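For clarity, every value in this text was computed on a predicted model and none was experimentally measured. In what follows, every chain begins at residue 1, and chains take the letters A, B, ... in the order their sequences are listed.
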2 protein chains.
Amino acid sequence: MSVDRERILAEASDLLVTEGPHALTMRALARRLGVTAPALYRHFESRERIVVDLVGEAFDTFARYLYRALEGRTPAERFSLTGRNYLAYALEHPRYYELLHASHNLIGVEQLHPEAQQCACAVGQFIVDRVREAMDAGMLKPGDPESVARTIWAHSHGLITIYLRGLLRTDEAGFRRLFLESTWQLMEGIAEPAFAEAMRAEAAAAAADEAGAPPDGVGRPLPVEVGEAPR
Amino acid sequence: MSVDRERILAEASDLLVTEGPHALTMRALARRLGVTAPALYRHFESRERIVVDLVGEAFDTFARYLYRALEGRTPAERFSLTGRNYLAYALEHPRYYELLHASHNLIGVEQLHPEAQQCACAVGQFIVDRVREAMDAGMLKPGDPESVARTIWAHSHGLITIYLRGLLRTDEAGFRRLFLESTWQLMEGIAEPAFAEAMRAEAAAAAADEAGAPPDGVGRPLPVEVGEAPR
DNA sequence: GGACATGGTTAACACCGTAAACTGATGCCG
DNA sequence: CGGCATCAGTTTACGGTGTTAACCATGTCC
């Protein structure tokens, strides 16, 4: 019954998701592992370090969600899948999504940790790449890919955080519709008219058979790889 | 040297802004007031209550920022001022802006407090009203005002939080430019072409004389009305 | 066998929010 | 005026937090 980093992180992850951030205390964590609190300091220098590593895992999973978009065969498909998978991650792992963006508040740390910051940059780069690709394919209006990617990212992120804060009085299904609708409004401005029209149709179709099978290519939920995942 | 609610909130506000949320402890707060911690419970039932009231003040100031937009003489002006003042608040009171959206994390409370939630709704309604007005004036494309307002709100909010997290490698001046540019991209989709063109010109002008006087009508920074403000 | 690293223990420190009991002043009422 | 409640502060204390120090058992290598 060794208590390695892996198992600690797994239990911490579970604690975080099931009981919330404030329940993630060293003593509670140790109790779950059948050990006393100071033992944890053999594996992690501090509680903050645990949270930071958790954030790292959350970012990795996030990245895996996005990377699945590369299974799309056309730039348009990959672009669209990126958006879908972004939303999928946020809705399937809301606590982690919040953790990604609130970590410094939760820990009392001023800045996002450098490695998390770097990971965020990688995610940002991925979106930029999909935007550039879509521009080159004539699907988005020409422009600065970084700037357009930022706009898209900000819009999606903003909408999601507002929803997760409970400020949108709607359930998840309603939010998915709303998200699509809002994204379409944005696309109207940055996409070429032909594609914007296609998106509008797609959105309408999705709204129609919302109770049907999930849109293909989105894939099944991925677990947060932190111990209890396939070993 | 009475220690009324007003003074407590004022000192708590200062502590929050200067030292960060984690520094806002009952003992530290009491020390600043030349008093011991339990004395604070004569005026506030709990620390959480203090934070909630602080959030309330932050929301009030936020609302005052937005309401200044009503000084605009045309719907277009009021619409534009709303966006500017939103940004002004976020940049002049970043800690409060974060507090507005992170309060439940900071306190370990699951949901935003009802009154704060209601205040958030009022702010939302204000934006919806400006959007409706702009639509009626033929400045925005016709559509559902609530939906369009949400899109605008999400975009602004997302961009700002990303910036405040330090994920955009730029300073404040750079961010202001970037914010305008991004907003313009969004407007391209939801505004009527004539107005989008006007905004583009405005953005270009603003970028040109960025070191000049602030655009008229935005007004001077407002203090957070919490004690040290004019009594 | 002895040195040494490893991973756990217990005890303790300083801090946290908060409750209970007590103290001193202040004002009101018979 | 005496008595008494009320208010605003105190001291003390409890159970919680992250973290450290000192100690102890185990296994591994020279």
Side-chain angles (χ1 to χ4, degrees), chain A residues 1-56 95 99 102-111 113 227, chain B residues 1-56 95 99 102-111 113 227:
Chain A
M1 170 81 69
S2 68
V3 184
D4 54 355
R5 281 177 79 97
E6 199 80 359
R7 248 174 50 82
I8 296 181
L9 280 180
E11 215 65 45
S13 164
D14 190 52
L15 209 44
L16 178 79
V17 178
T18 60
E19 321 255 346
H22 62 285
L24 179 48
T25 77
M26 297 301 264
R27 286 175 165 89
L29 185 50
R31 201 176 318 123
R32 281 197 170 211
L33 292 159
V35 113
T36 59
L40 301 177
Y41 289 83
R42 295 285 165 195
H43 308 274
F44 289 91
E45 63 188 2
S46 69
R47 179 193 122 102
E48 175 174 333
R49 189 67 227 177
I50 295 182
V51 177
V52 168
D53 278 24
L54 234 39
V55 173
R95 281 238 155 86
L99 187 62
S103 45
H104 59 306
N105 279 339
L106 292 175
I107 349 183
V109 137
E110 281 312 306
Q111 273 293 356
H113 243 72
Chain B
M1 170 80 71
S2 67
V3 184
D4 55 355
R5 282 176 79 97
E6 199 79 358
R7 246 174 51 83
I8 295 181
L9 280 179
E11 215 65 46
S13 163
D14 189 52
L15 208 43
L16 178 79
V17 175
T18 59
E19 319 253 347
H22 63 283
L24 179 49
T25 78
M26 297 302 264
R27 287 174 164 89
L29 184 51
R31 201 175 319 123
R32 279 194 170 214
L33 292 159
V35 115
T36 60
L40 301 178
Y41 289 83
R42 295 287 163 195
H43 309 273
F44 289 91
E45 64 188 3
S46 66
R47 179 193 120 103
E48 174 173 334
R49 189 67 229 177
I50 295 181
V51 176
V52 167
D53 278 22
L54 235 37
V55 173
R95 280 237 153 88
L99 186 62
S103 47
H104 60 306
N105 280 337
L106 292 176
I107 349 181
V109 138
E110 281 310 308
Q111 273 294 355
H113 241 70

*Heavy-atom pair of closest approach, residues Pro21(A) and Leu16(A)*: CA-CD1, 3.6 Å
Distance-only donor-acceptor pairs under 3.5 Å for side chains of residues 24-33 of chain B, two or more places apart:
from     : atom 1 : to       : atom 2 : distance (Å)
Thr25(B) : OG1    : Ala28(B) : N      : 3.1
Arg32(B) : NH1    : Glu11(B) : OE2    : 3.3
Arg32(B) : NH1    : Asp14(B) : OD2    : 2.8

*Keeping the roles fixed (side chain from Arg95(A), backbone from Val17(A)), state whether a donor-acceptor pair exists under 3.5 Å.*
yes
*When the distance from CZ of Arg5(A) to P of dT6(C) is rounded to whole Å, what number comes out?*
14 Å
*asked:* Set out, in order, the CA-CA distance, both residues' side-chain angles and the distance that settles side-chain contact (heavy atoms from CB on, under 4.5 Å) for Val52(B) and Arg49(B), then state yes or no.
replied: CA-CA 5 Å; Val52(B) 167; Arg49(B) 189 67 229 177; 4.2 Å; yes
*Roughly, in whole Å, what's the span from CG in Asp4(A) to P in dT6(C)?*
15 Å
_Base contacts versus sugar-phosphate-only contacts with protein, heavy atoms under 4.0 Å: please encode nucleotides 12-22 of chain C as B, S and - from 5' to 3'._
B---BBBB-B-
*Reckon His43(B) has a side-chain N or O less than 4.0 Å from the OP1 or OP2 of dG9(D)?*
yes
*side chain to side chain donor-acceptor pair (under 3.5 Å) involving Arg5(B) - partner list, sequence neighbours excluded*: Asp53(B)
*Quick one: closest heavy-atom pair of Glu19(A) and His22(A), and the distance?*
O-CE1, 3.5 Å
_Terminal axes of the helix from dG1(C)-dC30(D) to dG30(C)-dC1(D) (five pairs each): angle between them, nearest 10 degrees_ = 30°
*What distance separates Leu40(B) CG from Ile8(B) CD1, expressed to the nearest 0.5 Å?*
5.0 Å
*Think His22(A) has a side-chain N or O under 4.0 angstrom from the OP1 or OP2 of dT17(D)?*
no
